[in-house]
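Scroll down for the structure; my scribbles are underneath it.
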Amino acid sequence: MCSVKMQMKGKSSIYRLSAILASSIVLLWTPLQAQNIFMPENPLEGRIVFEQKGCITCHAIKGEGGDVGPDLGDRKFYGSFLELASIMWNHLPSMLGQMRELELPFPEFSKTEMVELTAYLYYLRYLGDPGNLYRGKVLAKEKKCLNCHAIAGKGGKIGPPFDKLAKYISPLYLAQALWNHGPSMEKKLKEMGLERPVFKRGEIVDLSAYIRAAGKGGKRQRVYMSPGNPQNGAKVFREKGCFDCHSVNGEGADIGPDLSEAEWGYSITEIAGLMWNHGAAMASTMNEKSIKWPKFTGGEMADVIAYIYFLQFKDPPGSAEAGRNLFTEKGCAQCHGTDARGGEIGPDLSESTALLSAFNMVQIMWNHAPVMEERISEKTLEWPEFTGQQMRDLYAFLYSLQEHKSDN
Ligand code: HEC
Ligand code: HEC
Ligand code: HEC
Ligand code: HEC
């Protein structure tokens, strides 16, 4: 818990600076699938938007900020972009109500801001994993780590002592060290007739919390790991030969699973656990194909995992037909006409130049929420809530109105 806070406090000025210096975002547009792939350079950049737009007035992140709304650092938002967008959308009426009371201005968003903010909320899960050191202590025994490794002078002498790992704040350091030594550790395990340890959800974080607390020397010096750079992770993924076995968005081999198709809802450290667990299967395939075991240095593992994590930010395609129905059910048609080709109040959406991405749709819907809300309260209608899937369908429908444009 405290380590997470320390990281935020100590680094926030650096995040801010790097955000100003290098606010580069990759938005790849693939018209055929109508999908956006988004890989930020620093997922924490959206923190600035969170503050600028006044979200922090009502919401704290891990105890820092207002308390009108819930602390968003405690929440688990695994969802894709549109799932997160639907949560934000559904809370607009209570947010607008509170804002009037507090006399706050309505925060409009540019597309970049909307994407950065959502990516930040998506990434909070990573920061929100303090780990449980008591569970970690039990795990270190149960998994027989201490048969071979010592901590604070107690334990085995076959592997290196854990103490020097204590200064690393991020559990991904432990994951990376473990990964790099995987093959030689496995040899020893076999010799000693021990089984290769596997990790369930959360266990790497717990072990890491234990090592941080119990390891000698860790408190004097703390080493922070970068939060993970998904853009760089894409490069590392390629350089380390992951494409030799995995595909992502149609590129690569199919020996391992397609990592862009997984819908795991796993956190960063859980993905690290998954990689380790599959390490044995990976290693034997790699031996057969004589591929060298890929080692990671510096922040490379954090980056590649952040990359895999962000593959799940992308939404699967929705149904345009379902979206057409929703457009009427949710009252959009009242202003925009049943086929979205223009009504008495709202413009013809097939003429819109802004609907070529889901990011745009959400940004526009958000910005015109106050107009909608007024109209809805005049007519005493209910606020149209959306699930993530409904947002996908709505987008598929609005996008289908645009299709004639990509032809020319
Ligand atoms: C004026 C106060 C206020 C502001 C400003 C505000 N919110 Fe909220 N927010 C709330 C309240 C109250 C709730 C809980 C009620 C609800 O979900 O409708 C909430 C709920 C949420 C939730 C859902 C949390 C959950 O676990 O269900 C999210 C996500 C969220 N807000 C994001 C944001 C973001 C992002 C911003 C900035 C653009 C923002 N909020 C600005 C008051 C506010
Ligand atoms: C059978 C003995 C054995 C067991 C059991 C074992 N390890 Fe290891 N471990 C080793 C050996 C040997 C190495 C060093 C390998 C090398 O030098 O490449 C190592 C290396 C490591 C490293 C890298 C250390 C560094 O300083 O870079 C980590 C991290 C690690 N082990 C974690 C664990 C954890 C966590 C467990 C329990 C889940 C565990 N080990 C269980 C033998 C073992
Ligand atoms: C030699 C082939 C091979 C290479 C190279 C390889 N993998 Fe794998 N990977 C596999 C196989 C096979 C599985 C599935 C194993 C299983 O199901 O037990 C897998 C599983 C995974 C999983 C778990 C997926 C899931 O759905 O559970 C992740 C994450 C992963 N690999 C990441 C990587 C990364 C990152 C790299 C590059 C550093 C990489 N892999 C390189 C073969 C490989
Ligand atoms: C109260 C009437 C009203 C309702 C209800 C309404 N809109 Fe709008 N919409 C407007 C008006 C007016 C504009 C143009 C001015 C603006 O953006 O605020 C607009 C603009 C838009 C645009 C932007 C078009 C462009 O190119 O800029 C989109 C997209 C959109 N609406 C989608 C929706 C969706 C989806 C719904 C249902 C959830 C909806 N609207 C409900 C009145 C409405």
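Residue indices begin at 1 and follow the sequence shown. Indexing begins at 1, ligand by ligand and atom by atom, following the structure's order.
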Quiz item: Which protein N, O or S atoms lie under 2.8 Å from atom 8 (Fe) of ligand 4, given by chain and residue number?
Solution: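 Result, waters dropped: His336 NE2, His368 NE2.
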
Quiz item: Should you measure from each heavy atom of Met286, which atoms of ligand 3 turn up under 4.0 Å away?
Solution: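 Going through ligand 3 atom by atom, the ones under 4.0 Å from Met286 are 1 (C), 5 (C).
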
Taking [atom] as the point of reference, which of [options] owns the nearest heavy atom?
| atom | options | result |
| --- | --- | --- |
| atom 24 (C) of ligand 3 | Ala280, Gly279, Pro257 | Pro257 |
| atom 11 (C) of ligand 3 | Ala283, Ala253, Gly256 | Gly256 |
| atom 31 (N) of ligand 3 | Met301, Lys292, His246 | His246 |
| atom 42 (C) of ligand 3 | Met282, Lys295, Lys240 | Met282 |
| atom 29 (C) of ligand 3 | Met275, Arg238, Glu239, Glu261 | Met275 |

Quiz item: Centre of Phe81's six-membered ring, under 6.0 Å away, within 45 degrees of the axis: is that where NZ or CZ of Lys314 sits?
Solution: no

Return the closest protein heavy atom for [atom] as residue, atom name and distance.
| atom | value |
| --- | --- |
| atom 23 (C) of ligand 1 | Ile87 CG2, 3.7 Å |
| atom 25 (C) of ligand 4 | Ser352 OG, 3.4 Å |
| atom 12 (C) of ligand 4 | Ile345 O, 3.7 Å |
| atom 27 (O) of ligand 1 | Arg75 NH1, 4.1 Å |

Under 4.0 Å to a heavy atom of [X] - the qualifying atoms of ligand 1, by number:
| X | value |
| --- | --- |
| Gln98 | 1 (C), 2 (C), 12 (C) |
| Leu117 | 35 (C) |
| Gly54 | 5 (C) |

Do the charged groups of [X] and [Y] touch, with an N to O distance under 4.0 Å?
| X | Y | answer |
| --- | --- | --- |
| Arg47 | Glu51 | yes |
| Lys235 | Glu300 | no |
| Arg341 | Glu351 | no |

Practice problem: Applying side chain to side chain donor-acceptor pair (under 3.5 Å) between Asp206 and each of Lys137, Lys200, Arg135, report the one that passes. | Solution: Arg135

Exercise. Report the part of Phe109 in contact with ligand 1, treating N, CA, C, O as backbone and CB onward as side chain, heavy atoms under 4.0 Å; options are side chain, backbone, both, neither.
Key: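 For Phe109, the contact with ligand 1 is made by the side chain alone.
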
Quiz item: Using heavy atoms and a threshold below 4.0 Å, how should the contact between Phe296 and ligand 3 be classified: side chain, backbone, both, or neither?
Solution: side chain

Exercise. Report the protein N/O/S neighbours of atom 8 (Fe) of ligand 1 that fall below 2.8 Å; do not count waters.
Key: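 Checking every protein N, O and S atom gives His59 NE2, His91 NE2.
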
Per-atom contacts, ligand 4 versus [X] - under 4.0 Å to a heavy atom:
| X | result |
| --- | --- |
| Leu394 | 35 (C) |
| Gly331 | 5 (C) |
| Arg375 | 1 (C) |
| Leu355 | 29 (C) |

Exercise. In sequence, state the C-alpha distance, the side-chain angles, and the governing distance for Phe310 and Tyr122, and then conclude on ring pair (Phe, Tyr, Trp, His ring centres under 6.0 Å).
Key: CA-CA 9 Å; Phe310 262 93; Tyr122 181 67; 5.1 Å; yes

Quiz item: Do Asn287 and Ser284 have side-chain atoms, one donor and one acceptor, less than 3.5 Å apart?
Solution: no

Practice problem: Return yes if a side-chain donor-acceptor contact under 3.5 Å exists between Gln389 and Asp393, otherwise no. | Solution: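 Judged by distance alone, the side chains do pair up.
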
Exercise. Using 2.8 Å as a strict upper limit, say whether an N, O or S atom of Cys242 approaches atom 8 (Fe) of ligand 3 that closely.
Key: no

Practice problem: Any chance you could lay out the side chain to side chain contact (heavy atoms under 4.5 Å, CB included) test for Phe313 and Met39, step after step, and finish with the verdict? | Solution: CA-CA 9 Å; Phe313 192 55; Met39 285 294 155; over 6 Å; no

